[in-house]
Amino acid sequence: MAWSCAPSVARPFVRPFVFAFALLAVAAGCGPSGPATVVVTGKLLKGGQPLAVPRADIGLGWVQIQLDGEGDASKLGAQLSRTKEDGTFEFQGDGGGILPGSYKMSVVHFEQGPPNDSLKGAFAPGQSPIRITVPADKGSKFDLGTIDLDNPPKG
């Protein structure tokens, strides 16, 4: 007769670890998940047209939009996005969106890459008059609509 105590010894030691791991997994999913975030979309135009980027296909130019949060919205730092060919853009933060709140929006238009901003710094960080508000009560997606640089939102 072979003597083996492995099954009876292993079981008492494994059960507490399995129980502790299961308890930890349940507890991790039940706590607060942090502040709610919002994916922000919109369309950027100047003179009714998207800003043209002649060499975008090879990465030599782009339109960059930056949101600098004010108050609680500043916790995630500056948020960056680039427009698509049709002028649309999207801010996803780290994937789930950005914090609701007030933001200063800046825009630079690099037709041939930096430092050639065709907007001549009029909408650069620290200069731009554009202010937007991302509401907390509109769900997980919010569309800013069309922003025309010839008549930018200031509120």
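Counting begins at 1 with the first residue of the sequence. These numbers were taken from a predicted model, which means no experiment stands behind them.
At a threshold of 4.5 Å between non-hydrogen side-chain atoms, the residues Gln64 and Val107 do not count as touching.
Under the ring pair (Phe, Tyr, Trp, His ring centres under 6.0 Å) criterion, the residue pairs touching residues 81-105 are Phe89-Phe91, with sequence neighbours excluded.
Across all their heavy atoms, Ser102 and Thr133 have their closest contact at OG-OG1, 4.0 Å. Between Ile130 and Pro152, the shortest heavy-atom distance links the atoms CG1-CB, 3.5 Å. For the pair Ile147 and Pro153, the tightest heavy-atom approach, listed with the atom from each and the gap, is CG2-CD, 3.7 Å. In terms of heavy-atom proximity, Ala73 sits nearest to Pro100 at CB-O, 3.9 Å. For Gly139 against Val38, the heavy-atom pair with the smallest separation is O-CG2, 3.6 Å. Across every non-hydrogen atom of Ala124 and Ser106, the tightest pair is C-CB, 3.6 Å.
When the salt bridge (Lys or Arg N to Asp or Glu O under 4.0 Å) test is applied to Asp143, no partner is found at least two apart in sequence or on another chain. Here Glu85 pairs with nothing under the side chain to side chain contact (heavy atoms under 4.5 Å, CB included) rule; sequence neighbours left out. With sequence neighbours left out, the salt bridge (Lys or Arg N to Asp or Glu O under 4.0 Å) criterion links Lys141 to no other residue. Residues satisfying the side-chain hydrogen bond (donor to acceptor under 3.5 Å, both in side chains) criterion with Asp94, sequence neighbours excluded, are absent altogether. Under the side chain to side chain contact (heavy atoms under 4.5 Å, CB included) criterion, Ser74 pairs with no residue at all, not counting sequence neighbours. Legend: residues meeting side chain to side chain contact (heavy atoms under 4.5 Å, CB included) with Ala78, ordered by chain and number and at least two apart, are Gln66, Asp68. Applying the side chain to side chain contact (heavy atoms under 4.5 Å, CB included) criterion to Asp117, with sequence neighbours excluded, gives Val108, His109, Phe110, Leu119. By the salt bridge (Lys or Arg N to Asp or Glu O under 4.0 Å) test, Asp137 pairs with no residue at all, sequence neighbours left out. Residues passing the ring-ring contact (aromatic ring centres under 6.0 Å, His included) test with Phe123: none are found, sequence neighbours excluded. Remark: Glu90 pairs with Gln92 by the side-chain hydrogen bond (donor to acceptor under 3.5 Å, both in side chains) rule, at least two apart or across chains. Residues forming a salt bridge (Lys or Arg N to Asp or Glu O under 4.0 Å) with Lys46 (at least two apart in sequence, or on another chain): Asp150.
For CG of Asp72, the number of neighbouring non-hydrogen atoms (other residues, nucleotides, ligands) closer than 6.0 Å is 12 at most.
One distance of note links CD1 of Ile65 with CE of Met105; it measures 5.5 Å at 0.5 Å rounding. Going from atom CG of Leu144 over to atom OG1 of Thr41 covers 7.0 Å, rounded to the nearest 0.5 Å. In this structure, CG on Leu44 lies 8.0 Å from CG on Asp148, to the nearest 0.5 angstrom.
Each of Thr83, Leu51, Thr146 was scored for a side chain to side chain contact (heavy atoms under 4.5 Å, CB included) with Leu45, with one residue passing: Thr146.
Follow the hydrophobic side-chain contacts under 4.5 Å out from Leu67 and you reach Leu76 in the same cluster.
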Candidate pair Leu99 and Thr37, rule side chain to side chain contact (heavy atoms under 4.5 Å, CB included), full reasoning: CA-CA 5 Å; Leu99 292 172; Thr37 57; 4.1 Å; yes
